[in-house]
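Chain naming here is simple, since letters A, B, ... match the order of the sequence lines and numbering starts at 1 in each.
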Number of protein chains: 2
Amino acid sequence: MSLPHAILTALLEKPSSGLELTRRFDRSIGYFWSATHQQIYRELGRLERDGLIRALPSATATRGQKKSYEVLPEGRAELARWTAAGQDPKPMRDALLLRLRAAAVVGTDGIEEDLRRHLALHRNRLAEYEEIECRDFPPGSDAIEDRLRHVVLRAGIDLETFWTRWLARALDELTAPGPNGPSDLADEVHDRAGEA
Amino acid sequence: MSLPHAILTALLEKPSSGLELTRRFDRSIGYFWSATHQQIYRELGRLERDGLIRALPSATATRGQKKSYEVLPEGRAELARWTAAGQDPKPMRDALLLRLRAAAVVGTDGIEEDLRRHLALHRNRLAEYEEIECRDFPPGSDAIEDRLRHVVLRAGIDLETFWTRWLARALDELTAPGPNGPSDLADEVHDRAGEA
DNA sequence: TATTTCATGTAAGTCGTTACATGATTGT
DNA sequence: ACAATCATGTAACGACTTACATGAAATA
């Protein structure tokens with residue numbers, strides 16, 4: 001149940017329409033909580049129905065017309081309640097690690113190319129985050145709101161740093177010659193099919 | 001569509017029943033792809049229906065009786081096809097980062113306690129992974145299958161290391177006194193509600 | 001026999017993804 | 001007028017979550 005609270009946070013930072021929210025999710029907020037425009041419109045409908053947000057008076061009620069929302073006191077209270085309540089971390093899900101484990105069983109065809117592609121993507125995102133840090137968080141800012149936002153961005157930077165380093169290492173392990181050379185895995189595994 | 005392939009990988013490593021798979025997902029595989037027993041039973045039914053796995057002949061057909069599965073050649077082929085195909089990384093979703101961003105708007109009540117709890121959890125998991133590394137991957141193993149499994153475990157270790165460091169840093173930022181002290185955020189933000 | 005544990009499943013509801021539909025505005 | 005774009009939705013489906021149901025085996 002995080003999407004409604006992500007939207008409440010975004011609307012408190014600045015009242016917006018559905019499409020504006022979608023764009024903001026593509027930029028900053030979506031870096032740690034992504035959402036499509038369909039999810040956002042559905043959730044805006046629910047939040048309005050439940051009395052946590054309301055459409056700005058200026059907005060007309062017809063389809064295709066821009067319609068902006070603002071957070072009501074009940075919405076702010078609900079966000080504060082959710083923020084203060086503890087939550088257990090969700091177990092992670094990473095398809096790339098799963099594929100690597102599968103590759104240890106059925107062979108490594110196609111993996112190296114994809115690791116390189118992921119490495120390039122993570123390097124790009126890392127550069128993007130570091131640019132944001134230079135622009136928005138010059139050294140010496142000290143209000144606690146800024147410190148919080150900065151430490152969140154820092155998580156993104158450190159995570160992308162981890163991925164770039166780990167992918168480089170995985171590529172090393174994948175391409176380094178083993179005792180029988182790097183390309184004999186598929187047959188070898190096939191011979192061992194069915195063992196414990 | 002990763003769950004069926006996670007199950008195929010697990011079954012190739014060792015034929016198992018639904019409950020055995022559930023336990024293995026709680027241990028090693030679930031470290032990067034978690035699943036509940038309901039998901040697993042449903043998926044086993046689909047995989048059997050589609051001819052990718054089959055129940056071992058010994059298994060009886062009645063409810064409440066243990067029923068083990070093994071992978072058929074079609075299942076192995078499907079797993080190899082999926083493993084070789086490229087996939088885009090999914091955007092990440094982390095509720096804790098979202099809560100920190102929300103806390104910058106509605107106040108930091110309750111956050112510090114939860115950060116400490118998360119820090120303890122990640123430290124425990126890190127210790128767990130490092131123990132597995134010492135036990136299962138002594139220095140000098142060099143078959144490519146072992147190198148692959150090791151580098152996957154390494155991702156887990158490095159990720160938990162990142163989280164412990166980042167959480168410690170976040171706690172520093174949260175508890176360090178700011179220009180107006182650490183406890184005045186809620187009121188301050190409330191005064192600023194509605195600005196750009 | 002009664003309880004607990006093992007083991008397999010059903011059902012309902014929410015969330016996320018993909019594809020499509022519709023109205024309004026702007027530019028040519 | 002026409003096309004492109006902005007903007008708001010609907011519909012359908014699959015994935016995930018939570019709660020519950022049922023049968024078999026062990027054990028007290």
Given atom [atom1] of [X] and atom [atom2] of [N], what is their separation to the nearest angstrom?
{"X": "A/Lys66", "N": "C/dT25", "atom1": "NZ", "atom2": "P", "value": "12 Å"}
{"X": "B/Trp33", "N": "D/dA15", "atom1": "CH2", "atom2": "P", "value": "11 Å"}
{"X": "A/Tyr41", "N": "D/dA11", "atom1": "OH", "atom2": "P", "value": "17 Å"}
{"X": "A/Glu48", "N": "D/dT8", "atom1": "CD", "atom2": "P", "value": "12 Å"}
{"X": "B/His37", "N": "D/dT22", "atom1": "NE2", "atom2": "P", "value": "15 Å"}

Considering heavy-atom distances to DNA chain C, does A/Ala35 or B/Arg23 have its closest nucleotide positioned more toward the 5' end?
B/Arg23

B/His5 and B/Glu78 side chains, donor-acceptor separation under 3.5 Å:
yes

Going by the rule side chain to side chain contact (heavy atoms under 4.5 Å, CB included), which residues pair with A/Glu70 if we only count those two or more places apart in sequence or in a different chain?
A/Pro15, A/Arg54, A/Leu56

Sequence neighbours excluded - salt bridge (charged side-chain N to carboxylate O under 4.0 Å, His left out) pairs with any residue from residues 86-96 of chain B
A/Arg117-B/Asp88

Regarding A/Arg101 and B/Glu13, does a basic nitrogen lie under 4.0 Å from an acidic carboxylate oxygen?
yes

Can we say A/Arg49 and A/Glu43 salt-bridge, meaning some charged N sits less than 4.0 Å from an Asp/Glu carboxylate O?
no

Provide a list of protein-nucleic acid N or O atom pairs under 3.5 angstrom, restricted to nucleotides 11-15 of chain C.
from: C/dC15; atom 1: OP2; to: A/Arg46; atom 2: NH1; distance (Å): 3.2

If only atom types and distance count, is the side chain of B/Arg24 paired as donor or acceptor with the main-chain N or O of B/Lys14 below 3.5 Å?
yes

From D/dA7, D/dT18, C/dT17, pick the nucleotide closest to the side chain of A/Leu19?
D/dA7

Between C/dG9, D/dG9, D/dA24, spot the one nearest the side chain of B/Gln65, thanks.
D/dA24

